[in-house]
Amino acid sequence: MADSRQLYQEVILDHNRKPRNWGTLPDATHQAEGVNPLCGDRLQLSVKLENDALQAIAFEGESCAICKASASMMTTAVKGKARPDAEQLIQEFRDMATGKLDTTKEQHHLGRLTVFSGVRDLPTRVKCAILPWHTLHAALNSLGTTSTESDDDPMHEPAPGGVA
Amino acid sequence: VRIIGTAERKAAVLSFAVEGVHPNDVGTLLNEEGVAIRTGHHCAQPVMQRFRVPATCRASFAFYNTMEEVDALVSAIRKVQKVFG
């Protein structure tokens, strides 16, 4: 079991207090809204894609500390990156949060984002950490809106027997 | 700490919000202290909008709870406030 006091590290608390890249981009080329209807987390993400790179990115919304810090650190991590590199980070972050990627043993490009690795042991909080990344994926793929309860959410599992 | 719902003869169910801290974060940190509460919408989004909160924390007390356990809840909430300082 992860120690959640470790999860609430200074770096996460700092990004929660002073989120980086907060706001909207007037000249955004890609936008998406991410919601978690179960806990009420909601964020709007705007991206300016130029020459297949994320020239600018901004977010705003209402969410818990884990979600807000994850979004803030995500924007600083992907800003200026080529789109394929950003997509790779999205995949790696999702894999880390869901326990598929062991960042202490396997190669990755997450850097400081590994402060979120502890959420894998807090099932109720995994979606909080993943939502911004899920929303970025939706924005880059022009999906408009996304929800943690939709079928394309990596955490979403269809009801047994396929009954919705 | 703001208590939500202050009816005179209310049941032993206490909804509250810790200023500046999202209820989900309160719940995770209280869990770490061995205090189990429920957090979220409680299937009552319209009420959340009415009280202008994103969600609430909710502690339920029963006949088997002791005063020590109530104190543990209070000191755990104080710890949350300290973490989020």
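Every chain is numbered from 1 and lettered A, B, ... according to where its sequence line falls, protein lines coming before strand lines. Excluded from the calculations below are hydrogen atoms, water molecules and symmetry mates; all remaining heavy atoms, backbone and side chain alike, are included. Given the structure is predicted, the values throughout are model-derived calculations rather than measurements.
- Side-chain heavy atoms closer than 4.5 Å link hydrophobic residues (I, L, V, M, F, W, Y) into clusters, and following such links, even through other members, never connects Phe59(A) to Val35(A).
- Residues Val83(B) and Leu13(A) come closest through the heavy atom pair O-CD1, 3.4 Å.
- Rounded to the nearest 0.5 Å, atoms CD (Glu32(B)) and CG (Leu122(A)) are 8.0 Å apart.
- Sparse packing is recorded around CZ of Arg78(B), with 12 or fewer heavy atoms of other residues, nucleotides or ligands lying under 6.0 Å away.
- Taking every heavy atom of both residues into account, His22(B) and Asp41(A) meet most closely at NE2-OD1, 4.0 Å.
- Interface residue Arg17(A): only side-chain heavy atoms are found under 4.5 Å from chain B.
- There is no path of hydrophobic side-chain contacts, each under 4.5 Å, that joins Val13(B) to Val74(B).
- Within a 6.0 Å sphere centred on CD of Gln107(A), heavy atoms belonging to other residues, nucleotides or ligands number 12 at most.
- A heavy-atom distance below 4.5 Å is not found between the side chains of Ile66(A) and Asn24(B).
- With hydrogens and angles disregarded, a donor-acceptor distance shorter than 3.5 Å links the side chain of Asp25(B) to the backbone of Ala65(A).
- Residues Val18(B) and Phe84(B) fall within the same hydrophobic cluster, defined by Ile, Leu, Val, Met, Phe, Trp and Tyr side chains chained together at heavy-atom separations under 4.5 Å.
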